Amino acid sequence: MISGLPYRGVKRVFDLTASAVLIVLTSPVMAGISFLIKKETPGTVFFMHDRMGLNGKHFSMYKFRSMNMDADNLEAILNDQDLEEYYQEFKLKKDPRITEIGRKLRRSSLDELPQLFNVLNGSMSLVGPRPIMETELDFYSEEEQTRLLSVKPGITGLWQVSGRNEITYASGERQELELYYADNPSFLLDLRILMKTPAAIIGRKGAF
């Protein structure tokens with residue numbers, strides 16, 4: 001469980017400060033990415049997706065758009081095999097909906113830079129379990145759902161630095177990692193995760 005108000009308060013101050021600084025520092029990169037997305041395909045630069053946050057509250061998670069505009073029309077785009085794979089982990093290793101620039105953004109995790117604004121507005125933290133869709137709750141028991149949603153979701157977390165998409169719901173390993181963090185949040189664990197994040201991004205382990 002969360003170790004008291006001091007931890008939550010200090011973490012929020014850190015989130016606010018760090019996200020504001022990172023937004024300023026990465027603004028040229030975000031501007032360049034926005035230009036490349038608009039150049040490649042028509043449509044919006046950003047993609048907002050409904051996710052579940054602290055205490056089950058829904059929020060819009062921001063990302064750079066890495067797919068074609070009609071990507072939500074799964075039945076029309078994906079074949080039966082792709083649909084089966086998608087509904088197992090809510091991701092595809094070879095997703096035909098992803099644009100060329102989108103594929104590069106995902107491999108480098110740059111598509112997630114706009115989530116700094118989620119941290120700034122308080123719907124996310126820098127460190128926490130990955131924000132999930134409501135349908136992903138099916139992989140957790142009711143008791144586990146309560147534990148998972150007792151902390152804010154994060155841009156990075158144990159799942160991301162431990163192998164990301166190589167660690168699956170089907171194996172049960174992803175649930176174990178996310179629940180471990182939810183049960184044991186601390187300054188030390190957050191620091192360990194933040195220190196491992198650059199290597200995980202550069203190494204691209206489990207990213208697709």
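Keep in mind the model is a prediction, meaning the values are calculated, not measured.
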Between [X] and [Y], is there a donor-acceptor pair closer than 3.5 Å when you use the side chain of the first and the backbone of the second?
X	Y	answer
Asn55	Lys57	no
Lys11	Val127	yes
Ser162	Trp159	no
Asp111	Lys104	no
Arg51	Pro131	yes
Gln145	Leu137	yes

Would you call [X] and [Y] a side-chain contact if the rule is heavy atoms closer than 4.5 Å?
X	Y	result
Leu54	Leu149	no
Met133	His49	yes
Lys152	Arg12	yes
Thr197	Gln160	no
Phe14	Asp190	no
Leu36	Leu105	no
Leu116	Leu120	no
Thr168	Arg174	no

[atom1]/[X] to [atom2]/[Y] distance, rounded to the nearest 0.5 angstrom?
X	Y	atom1	atom2	answer
Glu144	Leu179	CD	CG	5.0 Å
Asn118	Ser19	CG	OG	10.0 Å
Ser66	Glu40	OG	CD	10.5 Å
Ser109	Gln115	OG	CD	9.5 Å
Ile23	Met30	CD1	CE	6.0 Å
Thr156	Ile201	OG1	CD1	6.5 Å

State whether the number of non-hydrogen atoms from other residues, nucleotides or ligands found under 6.0 Å of [X] atom [atom1] is greater than 12.
X	atom1	value
Arg192	CZ	no
Phe35	CZ	no
Tyr140	OH	yes

Closest contact, heavy atoms only, [X] versus [Y]:
X	Y	result
Ser186	Tyr7	C-CE1, 3.4 Å
Met52	Gly56	CE-O, 3.5 Å
His58	Asp50	ND1-OD2, 2.8 Å
Tyr181	Pro129	CD2-CD, 3.7 Å

>> I'd like to know whether Asn121 forms a side-chain contact (heavy atoms from CB on, under 4.5 Å) with Phe59, so could you lay out the CA-CA distance, the side-chain angles of the two residues, the decisive distance to 0.1 Å, and finally the verdict.
In response: CA-CA 11 Å; Asn121 70 24; Phe59 72 96; over 6 Å; no

State yes or no: do [X] and [Y] share one hydrophobic cluster built from I, L, V, M, F, W and Y residues joined by side-chain heavy-atom distances below 4.5 Å, directly or via other members?
X	Y	result
Leu191	Ile155	no
Ile101	Val29	yes
Phe46	Met61	yes
Leu126	Val10	yes
Val45	Met48	yes

>> Are Phe64 and Phe47, when compared by the centres of their aromatic rings, separated by less than 6.0 Å?
In response: no

> Are the aromatic rings of Phe117 and Tyr62 close, with centres under 6.0 Å apart?
Replying inline: no

> Using a distance-only test with no angle check, is there a side-chain donor-acceptor pair under 3.5 angstrom linking Thr99 and Thr41?
Replying inline: no

> Less than 4.0 Å between a side-chain N and a carboxylate O, is that true for Arg130 and Glu112?
Replying inline: yes

>> Going by side-chain hydrogen bond (donor to acceptor under 3.5 Å, both in side chains), name the residues that satisfy it together with Gln175, two or more places apart in sequence or in a different chain.
In response: none

